[in-house]
S.K.: 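Structure below; questions to follow.
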Amino acid sequence: MEPPAAPAESPVESDLTVENVESALYQLYFDPDMERKNVAQKWLTQAQASTHAWQFCWALLSSDKLPEVQFYGASTLHTKISRHWNDLPTDQHESLRMQLLSHILRFSSGPKMVRTRLCVALASMALNLIPQAWSHPVADMVTAFQPHKSDSDGAFSAELSQDPHAHCLALLELLTVLPEEFHSSRLTQARRAQLREALAGEWAVMCPMLRQLLQSQDSSNQVKEKVLRCLSSWVGLDVPLGETHEPVQDCFTALSNPELFDTAVETIVTAISQPDCQRYTDALLNLVPLVLGLHDQLKKAAQDGDMETAHGICRIAVAMGETHSRVLLEQVDHWQEYLALVNMILFCTGIPGHYPVSETTSSLTLTFWYTLQDDILSFEEEKQAVYLQVYRPVYFQLVDVLLHKSHYPSQDEYDSWSSDDKEQFRVYRVDISDTLMYVYEMLGAELLSSLYDRLGRQLMDPQQSAVWQDTEALLFGFQSIAETIDVNYSDVIPGLIGLIPRINISNVLLADTVMYTIGSLAEWLADHPVMLGGILPMVLQGLVKPELSVSSVSTLKRICRECRHDLVPYAQDILTVSQDVLVKEIHKSSQCMWLMQALGFLLSALPVDEILGRLHSLITPHIQQLDTLAQQEPSSTNKQSIIHILGMLSSLFTTLDIHRQADGLEGAGSPRLPPTQATHNPVVVVLEQVFTIIQTILSKWLDDSDVVEAVCGVFDKSVRTLLHDFGPMVAQLSEMLGQIYSAFPQASALDLTRQMVHIFAGDERHIACIKSLTQVLTATTLTIFQQGPRDHPDVAESFMHLHAQILKRKPDMYLSDQLDIKALFYCGILSLKFPETPTVKAASLFFTELLPRCKDMSSLGEVLQRDGKLLTETILQAVGGDSPRNLTEHFSEVLLTLNRHCPALLSQWLKETLQTPGFPSAQVSPEQKHTFSQQLLREQTNKRRVKDIVKDFSLLCRGLQGSGYSDY
């Protein structure tokens, strides 16, 4: 077959022949050229929108056409009916319906994809006609497919006599897609409610037919499966359970048929998961014995390793128990049945096998236990006490089951698992941990006592303690609770702390959990520092093992943060071990950063006169290595080593704060007053000592943004932590920053300068340096903007943030003749045009800081008078479609600030810019622009209202208002 000629890019009515459509379809499906495929796709989509499509689609459904051609014909029918229904005259509705029914019958034996599209087309037609023009669609469809017709309907009779079985399947497919099309169609709320009511009224016709087909021994499994899918589709229409419970009961019989099992499960779960079911208590209670009747089948499936069957039955039990927990709890006359259902779900939670390798069922049940607990605890106190008496024992059993399910397999088996299986098991244990934490609310201190007693018995019995998984699971239980629950008042924690050193941590997985358990008790240890001596050696023992890197380092960091003021007696041991593992490079880079943060906390708590000496001994090996690297020629290996050492210094200086109070938190607080003591902060002493090395590094790595960022990171973390103590470094750092930025502008230098402005803008001793630095950075950045800043969104963003900070902390810097305010204003306008959200956000912040000062500072006022119209025009253009929609919120903030501080000027600028035809979009009329302008000018305080006004105008400009996209 020769490939036909390619279609034109856009079809005209005269081109829409069957031959041309087939040519385009051939090109779409069989042409290897992707560009030609795309042209064909576009042409065919446009062809479907033409009025001529109502005619050519039927020719494409001819029996001599390829299935791909027939499918396009059926799809075109659906498109015309669903999107262009009003194009079809009313007097043609009946003939269209008859044609569709006839073609569905003709294609009942296939191809399936064509038959399905025809069914969807007829379903879409029904939704257009129900209920006024087609009052009983289901009854009419069923009648049309009956195998007895009068002679006058000869065409139908011939088609129906071909294959009754195929016709039955086609009818069921048609009835299945009817609710599906209802759910997927875009309808108004009123129309949706009207259709839902009309379709629910058709259930009286559907129900007897579905039950008859499902119960009949003559029905094939294929028909029964279609019945189940059809039932599942219809229960989603909010057909009351009182009317569907009988066919749902029939579905339970289908569970015994392996071929129907999966579909029957889906149907039952869909039916009993409808929230409206709770109104039909009697119907629900009739279904509970049927669910309980599956328990034996569940046990046998679990015993035989038939996980698919166990999984399906578990889904049914959980759907019943979780969706209707409260309703079933309230049926006090049936409490034993619900307790049996709860125990059935408990069996599913503890189903044999290791998740996810040999079972995937237990995870389905975890949310049920949350729901049941919430419902029990929501009852009034007297009623709650009764339920707790019944269900607390179940929850204690649940804890045992969860701990058992959290067991690791043997080390050999675990090593054979894939990385994906290990990750799924890790997430599963996190879910179990969350469940245990939640269960504590119901079981309270008794739960901790139970875990402690079991752990004690286990560790005292050599035979039991040999099974490391049992010990690990109990510790995992403790850790799960201690991570989020305040255990400070628990009387078992001292005993637990005493037991932990007895644990043999030769197994890595057990040792990991021991570490995390100790870490979860860090706050308790801070209140009971006498216990630190027995526990710290284990942590330090773990610190020297690479395989315990993450758990041991994170635990040490938590202890150093929470207990630092009680660690002075142990400081030497901690520092010695830490220095050793750092020099030997036992840990990966990220863990080294954590370890340095831990040591920063520790050093902060030492006597001030000891800190510098300890600090020197800690970092000297790394400074020496850095000095060596600084002398060497640049290489990729050297680069990573330099960044690593600089990162360690940054991490250390993040937490090393000699002013930190006992209750201080990681990070900087509010700016402090300058220190009165003559001695420099130990961090400043170190920075002064390494400054020359850093300058040497920069001389060789100035054009490498990663290295420059790492250098700036050291000073950035230091200034954030030290605040005014950083003062002695300001002059030399300002000079260095000016030099490196002038030579090679990078965003990290601007960010560091912003921090210095934040801290030292009000300090007369340093303001001259800060002013000089900002002038140098500004002059260099203006050059970048003149040359075209589009390739430097990070620089533009940081530059805007820097000047927003200057305007906030030291606005009188804008009085300097050295700052070109006109150019800065224009840089802000250019930054608003960037597509990157952070840059636009920073530029918006710049203008919201600048505009309120225009009245008080004449130089700013003059710039606003001159270029305010350009700013307004830029924002409107961005809102009108030049910028992504998610940025309109930031533009609205600038418009609000303009309206607050210069409403008369904004009114004038809006009038002048919006009167331009087609601006900011051809989609908006002059009336709509006027309305927008008036609405905006009325709002000077309500930020939320202005955002909505700007958002709506943006949607209008883009032609999206009322399209359904306004909510996205």
Side-chain angles (χ1 to χ4, degrees), residues 800 804 807-808 811 821-822 825-826 828-833 840-962 966-967:
M800 289 292 101
L807 286 161
K808 187 175 184 179
I821 298 173
K822 293 177 184 178
F825 196 93
Y826 191 63
I829 290 174
L830 288 177
S831 299
L832 286 173
K833 295 182 177 183
V840 174
K841 188 175 180 180
S844 301
L845 180 63
F846 168 69
F847 281 113
T848 56
E849 291 292 346
L850 182 144
L851 294 171
R853 292 170 175 80
C854 289
K855 283 183 181 178
D856 303 327
M857 302 174 69
S858 58
S859 55
L860 289 179
E862 290 170 11
V863 173
L864 180 64
Q865 288 276 0
R866 196 190 75 166
D867 289 329
K869 180 181 174 182
L870 178 60
L871 172 62
T872 307
E873 187 178 309
T874 301
I875 292 173
L876 292 175
Q877 201 161 1
V879 168
D882 275 14
S883 292
R885 279 173 48 213
N886 63 323
L887 299 179
T888 55
E889 177 180 340
H890 306 299
F891 299 127
S892 69
E893 290 177 4
V894 182
L895 289 171
L896 175 61
T897 310
L898 279 167
N899 200 25
R900 276 179 181 168
H901 299 283
C902 46
L905 287 172
L906 178 62
S907 176
Q908 175 189 332
W909 296 329
L910 285 172
K911 184 177 180 181
E912 291 173 3
T913 53
L914 289 175
Q915 69 183 7
T916 306
F919 181 86
S921 163
Q923 301 270 5
V924 285
S925 66
E927 293 78 15
Q928 288 170 323
K929 289 193 276 188
H930 177 74
T931 300
F932 163 69
S933 180
Q934 294 303 306
Q935 287 178 332
L936 184 63
L937 291 169
R938 277 198 296 268
E939 291 294 342
Q940 291 190 336
T941 56
N942 191 332
K943 186 184 288 189
R944 172 58 57 192
R945 175 69 182 134
V946 172
K947 285 179 183 177
D948 290 342
I949 291 167
V950 176
K951 176 187 172 186
D952 291 344
F953 185 65
S954 180
L955 291 168
L956 279 173
C957 290
R958 299 163 198 261
L960 297 175
Q961 186 72 20
S966 53
D967 295 329

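In what follows, residues are counted from 1 in the order of the sequence shown.
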S.K.: Distance from Thr931 atom OG1 to Gln934 atom CD, nearest 0.5 Å?
M.R.: 8.0 Å
S.K.: Identify the heavy atoms of Pro852 and Phe847 that sit nearest to each other, and give their distance.
M.R.: CD-O, 4.2 Å
S.K.: Please round to the nearest 0.5 Å and tell me the distance separating atom CD1 of Ile875 and atom CG of Leu887.
M.R.: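 The CD1 atom of Ile875 sits 12.0 Å away from the CG atom of Leu887.
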S.K.: Walk me through it: do Phe891 and Leu896 pass the test side-chain contact (heavy atoms from CB on, under 4.5 Å)?
M.R.: CA-CA 9 Å; Phe891 299 127; Leu896 175 61; over 6 Å; no
S.K.: For Val946 and Gln935, run side-chain contact (heavy atoms from CB on, under 4.5 Å): C-alpha distance rounded to whole Å, both residues' side-chain angles, the deciding distance at 0.1 Å, then the answer.
M.R.: CA-CA 8 Å; Val946 172; Gln935 287 178 332; over 6 Å; no
S.K.: I need the Lys833 NZ to Ser883 OG distance, nearest 0.5 Å.
M.R.: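 OG of Ser883 is found 9.5 Å from NZ of Lys833.
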S.K.: Between atom CG of Leu956 and atom NZ of Lys951, what is the distance when rounded to the nearest 0.5 Å?
M.R.: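 Here the rounded value is 12.0 Å.
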S.K.: Search all heavy atoms of Lys808 against all heavy atoms of Arg853 and return the closest pair with its distance.
M.R.: CA-NH2, 4.0 Å
S.K.: In residues 897-914, what donor-acceptor pairs under 3.5 Å come from side-chain atoms, sequence neighbours left out?
M.R.:
unit_1	atom_1	unit_2	atom_2	d
Thr897	OG1	Glu893	O	2.8
Asn899	ND2	Leu936	O	3.0
Asn899	ND2	Leu937	O	3.3
Asn899	ND2	Glu939	O	2.7
Arg900	NE	Gln940	O	2.8
Arg900	NH2	Thr941	O	3.4
Gln908	NE2	Glu912	OE2	3.2
Glu912	OE1	Lys869	NZ	3.4
Thr913	OG1	Trp909	O	2.8
Thr913	OG1	Leu910	O	3.3

S.K.: Name the atoms and distances for all side-chain donor-acceptor pairs under 3.5 Å in residues 860-868, with sequence neighbours left out.
M.R.:
none

S.K.: I need the Phe825 CZ to Leu850 CG distance, nearest 0.5 Å.
M.R.: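 Those atoms lie 6.5 Å apart.
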S.K.: Output yes when a side-chain donor or acceptor of Ser844 lies under 3.5 Å from a complementary backbone atom of Val840, and no otherwise.
M.R.: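 Side chain of Ser844 to backbone of Val840, a donor-acceptor pair under 3.5 Å: yes, one is there.
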S.K.: Can you name the nearest heavy-atom pair linking Cys957 to Pro920, along with the distance?
M.R.: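 Where Cys957 meets Pro920 most closely, the heavy atoms are SG-CG, 3.9 Å.
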S.K.: Check Lys947 against Ser892 and note the closest heavy-atom contact, atom names and distance.
M.R.: CG-OG, 3.3 Å
S.K.: Which heavy-atom pair separates His890 from Lys841 by the least distance, and what is that distance?
M.R.: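 What the structure gives for the nearest pair is CE1-CG, 3.6 Å.
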S.K.: Calculate, to the nearest 0.5 Å, the distance between atoms CD1 and OG1 belonging to Ile829 and Thr874 respectively.
M.R.: 5.0 Å
S.K.: For a quick test of reading the model, state the closest non-hydrogen atom pair linking Val924 to Gln928 and the distance between them.
M.R.: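 It is CA-OE1, 3.3 Å.
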S.K.: Please enumerate all residues that pass side-chain contact (heavy atoms from CB on, under 4.5 Å) together with Asp856, with sequence neighbours excluded.
M.R.: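 With neighbours one apart ignored, the set is empty.
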S.K.: Using modelled atom types only, decide if a donor and an acceptor are shared between the side chain of Thr916 and the backbone of Phe919 within a distance under 3.5 Å.
M.R.: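 No; zero donor-acceptor contacts below 3.5 Å.
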S.K.: Check for a donor-acceptor pair, side chain of Ser954 on one end and backbone N or O of Val950 on the other, with a separation under 3.5 Å.
M.R.: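 The answer is no, because no donor-acceptor pair under 3.5 Å joins these two groups.
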